[in-house]
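Structure, as C-alpha cells:
Quick caveat, the model's predicted, so the values are computed rather than measured.
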Amino acid sequence: MTPEHTKTADKMMSMKAAWDKAPSGPKKDSALKHYQAAEKANTAKNDAETNKELDAATHALA
C-alpha cells in the first residue's frame with residue numbers, strides 16, 4: 001500500500017464512523033450516496049475521486 005492509499009483508507013474509515021453516528025435524515029442520505037461513490041472509486045484504485053467523494057460526504061453531514 002502506498003502512503004496515499006493508506007491515507008485514503010483511513011479517511012474512509014473515519015467518514016464511515018461519522019456517518020454511523022449521524023442522525024437519520026436528508027444529510028445522512030446525501031452523505032451515503034457520496035460514500036458509496038467513494039467506495040466505488042476506491043475499488044477502481046482512483047484515490048483522487050475517492051477523496052473528492054469523501055470530502056463531499058463530509059460536507060453533506062456538516
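Using a 4.5 Å heavy-atom threshold, the side chains of Thr43 and Lys40 count as separate. Here the side chains of Asp55 and Lys11 are in contact, with some heavy-atom distance below 4.5 Å.
The existence of a salt bridge linking Asp29 and Lys33 is excluded, since no basic side-chain nitrogen approaches an acidic carboxylate oxygen closer than 4.0 Å.
The hydrophobic cluster containing Met12 also includes Met15, Trp19, Leu32, Tyr35, Leu54, Leu61, under a criterion of side-chain heavy atoms closer than 4.5 Å among ILVMFWY residues, counted directly or through chains of members.
Dense packing is recorded around NZ of Lys28, with more than 12 heavy atoms of other residues, nucleotides or ligands lying under 6.0 Å away.
Qualifying side chain to side chain contact (heavy atoms under 4.5 Å, CB included) partners for Ser30, counting only residues two or more places apart in sequence or in other chains: His34, Ala60.
Although no hydrogens or angles enter the test, the distance criterion places a donor-acceptor pair under 3.5 Å between the side chain of Asn51 and the main chain of Asp47.
Atoms CG and NZ, from Asn46 and Lys52 in turn, are 9.5 Å apart once rounded to the nearest 0.5 Å.
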